[in-house]
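Let me begin by presenting the structure, written as structure tokens, before commenting on it.
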Amino acid sequence: ITKEIKSAVYFAVEQNEIDVLKTLLSCQRIDINDITIIYDYVNKFEEHKTAFQLAIEQKNSDMIIFLQENKAEMRYKKI
């Protein structure tokens, strides 16, 4: 059983919606480096990662390039 608390930027990357991502990032209040938290209650761990990390995991070169151009960072943590 898992629970995910996703940022809007993470969700756009997950859905491969680069146009939605561009629209989101046009808003100054949206942080490209917001953390998404994934809780895994069965294996008892918590994972924190950014949309940039997800794009790398998906090997989505268009998203990776776009996120890099917009100062995305990798902030990965597994607890």
Side-chain angles (χ1 to χ4, degrees):
I1 299 171
T2 61
K3 177 181 178 182
E4 297 179 352
I5 303 171
K6 299 178 186 177
S7 72
V9 173
Y10 186 96
F11 186 75
V13 170
E14 183 178 59
Q15 299 301 313
N16 197 29
E17 293 287 348
I18 201 157
D19 291 332
V20 171
L21 183 58
K22 288 176 183 178
T23 301
L24 285 169
L25 295 179
S26 69
C27 177
Q28 290 182 345
R29 295 187 326 196
I30 299 288
D31 182 0
I32 195 169
N33 294 308
D34 271 350
I35 299 292
T36 287
I37 303 171
I38 301 162
Y39 300 99
D40 184 329
Y41 296 107
V42 174
N43 297 309
K44 299 182 180 169
F45 74 84
E46 179 179 317
E47 191 172 23
H48 299 204
K49 60 184 168 181
T50 63
F52 187 54
Q53 175 70 29
L54 177 63
I56 291 170
E57 289 174 4
Q58 293 178 337
K59 298 178 181 160
N60 187 332
S61 58
D62 292 336
M63 285 289 190
I64 293 168
I65 291 166
F66 179 77
L67 290 166
Q68 281 180 318
E69 289 171 348
N70 286 278
K71 311 260 189 279
E73 299 174 3
M74 276 184 44
R75 296 183 190 164
Y76 177 78
K77 179 169 62 168
K78 190 170 184 176
I79 301 170

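Side chains included, hydrogens not; waters and symmetry mates left out as well; all remaining heavy atoms used. Source: prediction; values computed, not measured.
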(Q) Measuring from atom CD of Q53 to atom NE2 of H48, what distance do you get when rounded to the nearest 0.5 angstrom? (A) 13.5 Å

(Q) Return the CD1 to CD distance between I5 and E46, rounded to the nearest 0.5 Å. (A) 8.5 Å

Q) Do I32 and L21 belong together in a cluster built from hydrophobic side chains that touch within less than 4.5 Å? A)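 Linked within one cluster.
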
(Q) Using the rule that Ile, Leu, Val, Met, Phe, Trp and Tyr join whenever any side-chain heavy atoms are under 4.5 Å apart, tell me whether I18 and F11 fall into a single cluster. (A) no

Scan the side chains in residues 35-42 for donor-acceptor partners under 3.5 Å anywhere in the protein, sequence neighbours excluded, and list what turns up.
from, atom 1, to, atom 2, distance (Å)
T36, OG1, S7, N, 3.1
D40, OD1, V42, N, 3.0
D40, OD1, N43, N, 2.9
D40, OD2, N43, ND2, 3.1

Q) With N70, which residues qualify under side-chain hydrogen bond (donor to acceptor under 3.5 Å, both in side chains), at least two apart? A)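 Counting only residues at least two positions away or on another chain, N70 forms no side-chain hydrogen bond (donor to acceptor under 3.5 Å, both in side chains).
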
Q) Any salt bridge (Lys or Arg N to Asp or Glu O under 4.0 Å) pairs touching residues 14-24, not counting sequence neighbours? A) K6-E14

Please enumerate all residues that pass side-chain contact (heavy atoms from CB on, under 4.5 Å) together with [X], with sequence neighbours excluded.
X: A8; value: L24
X: A55; value: V13, M63, I64, L67
X: I65; value: E69

